[in-house]
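Notes for the one structure printed next.
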Amino acid sequence: MEHQEEREFRVDIDAILRDKAGAKAKYVPGFVVAWLKKILHQDQVNEFLTGRAAGKFGVDFLDECVDYLEMDMDVRGLDELPSNEGGRYFTIVSNHPLGGEDGVALGKLICHKYDSQMYYLVNDLLMNLKGLAPLCIPINKTGAQCRNFPQMVESAFQSEKNVLMFPAGLCSRKRDDGSIRDLPWKKTFITKSVQYHRDVIPVHFSGQNSERFYNIARWCKRLNLKFNVAMLFLVDEMYKNVGKHFTVTFGQPIPWQTFTDKSKTPAQWAQWMQDRVYEL
């Protein structure tokens with residue numbers, strides 16, 4: 001019964017508007033609704049979820065996503081990583097250049113390396129992808145679950161699984177010098193890796209989104225908009241990246257004891273780790 005419900009999931013913009021706007025949803029112009037369905041690729045996503053991805057969960061779902069997106073990856077350093085033998089689990093941190101396919105691709109690679117012993121730390125919006133849900137600890141930083149955020153993080157790090165995180169929280173932005181780089185990394189992965197004695201594996205994922213995406217993100221920042229408008233375009237960016245080549249580079253684990261050095265604060269260690277990732 002549970003899997004039957006998962007297979008029935010659909011992206012439904014009309015239902016989302018009714019849920020978020022209530023009675024006011026009827027005042028949203030039809031052309032706006034049509035545009036949202038187009039930019040979010042509602043029909044294409046639903047065709048995938050109810051077709052080739054139906055009934056697939058965990059690593060099988062990730063395999064199907066990567067195949068569907070025709071991702072060609074040059075993977076470096078993964079085979080040299082140590083195993084989980086002896087109860088040694090890792091915090092795996094990566095830059096976040098794309099906002100979608102980099103997440104599923106890394107999940108696939110790590111699941112195959114570690115026999116699906118992995119948790120994502122993701123926003124709970126992604127939990128709507130039921131095929132992904134078995135690998136996720138849901139996080140909602142803006143809604144009612146916000147007060148449960150610390151408990152969710154604790155449950156992930158207490159588990160006997162590797163934890164995959166994108167410490168920037170949002171996908172990368174274009175800087176004034178033209179480079180593509182993450183926003184400052186949050187320190188949670190540092191403090192929790194020290195607390196639970198987890199070595200940290202750095203990962204660099206190549207790739208970038210379109211100029212349109214970066215321009216929208218730049219204007220959102222300038223206008224100080226509370227709603228992340230750029231996020232609406234991530235599905236469209238995903239389809240723009242279909243069939244492209246990516247290089248994924250895994251670095252060797254950095255011992256958790258490194259981050260107990262008081263010469264840097266946890267926040268400074270987080271930025272040090274970001275620098276290490278971009279050096280890979």
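Please read these numbers as outputs of a predicted model, since none were measured by experiment. Note: hydrogens, waters and symmetry copies are ignored here, and every other heavy atom, side chains too, is used.
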Taking C-beta and beyond as the side chain, do [X] and [Y] meet within less than 4.5 Å on heavy atoms?
X: Lys264; Y: Trp272; answer: yes
X: Asp236; Y: Arg212; answer: yes
X: Ile216; Y: Phe233; answer: yes
X: Val66; Y: Glu101; answer: no
X: Phe189; Y: Arg198; answer: no
X: Phe259; Y: Met273; answer: yes
X: Val248; Y: Ser206; answer: no

Do Lys38 and Asp43 sit within salt-bridge range, that is, some charged N less than 4.0 Å from a carboxylate O?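 Judged by the 4.0 Å cut-off on N to carboxylate O distance, Lys38 and Asp43 do not form a salt bridge.
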Residues Asp275, Arg181: salt bridge by 4.0 Å N-O rule: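 Yes, this pair counts.
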Run the side-chain hydrogen bond (donor to acceptor under 3.5 Å, both in side chains) test against Ser210 and tell me which residues pass, sequence neighbours left out.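 Applying side-chain hydrogen bond (donor to acceptor under 3.5 Å, both in side chains) to Ser210 gives Glu237.
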Testing Pro167, Ser172, Cys171 one by one against Asp182 for a side-chain contact (heavy atoms from CB on, under 4.5 Å), which residue passes?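 Looking at Pro167, Ser172, Cys171, the match for Asp182 under the side-chain contact (heavy atoms from CB on, under 4.5 Å) is Ser172.
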Cation-pi check, Lys192 to Phe157: give yes when NZ or CZ is under 6.0 Å from the six-membered ring centre and within 45° of the ring axis, no otherwise.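 No, Lys192 and Phe157 do not form such a contact.
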Mark yes or no: Arg52 above the aromatic ring of Tyr68, with NZ or CZ under 6.0 Å from the six-membered ring centre and no more than 45 degrees from the axis.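 Relative to the ring axis of Tyr68, which defines the angle, Arg52 lies outside at least one limit.
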So does [X] have more than 12 non-hydrogen atoms from other groups sitting under 6.0 Å from [atom1]?
X: Glu47; atom1: CD; answer: no
X: Asp176; atom1: CG; answer: no
X: Trp219; atom1: CH2; answer: no

Give a yes-or-no answer on whether the side chains of Tyr196 and Glu154 include a donor-acceptor pair shorter than 3.5 Å.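 On atom types as modelled, these side chains qualify, holding a pair under 3.5 Å.
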Plane angle bin for His204 and Tyr278 - parallel if under 30°, tilted between 30 and 60°, otherwise perpendicular: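 The rings of Tyr278 and His204 stand perpendicular, inter-plane angle above 60°.
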Check: residues 89-99 side-chain donor-acceptor pairs under 3.5 Å, at least two apart:
{"residue": "Thr91", "atom": "OG1", "partner": "Ser193", "partner atom": "OG", "Å": "2.8"}
{"residue": "Asn95", "atom": "OD1", "partner": "Phe205", "partner atom": "N", "Å": "2.8"}
{"residue": "Asn95", "atom": "ND2", "partner": "Phe205", "partner atom": "O", "Å": "3.0"}
{"residue": "His96", "atom": "ND1", "partner": "Asp102", "partner atom": "OD2", "Å": "3.0"}

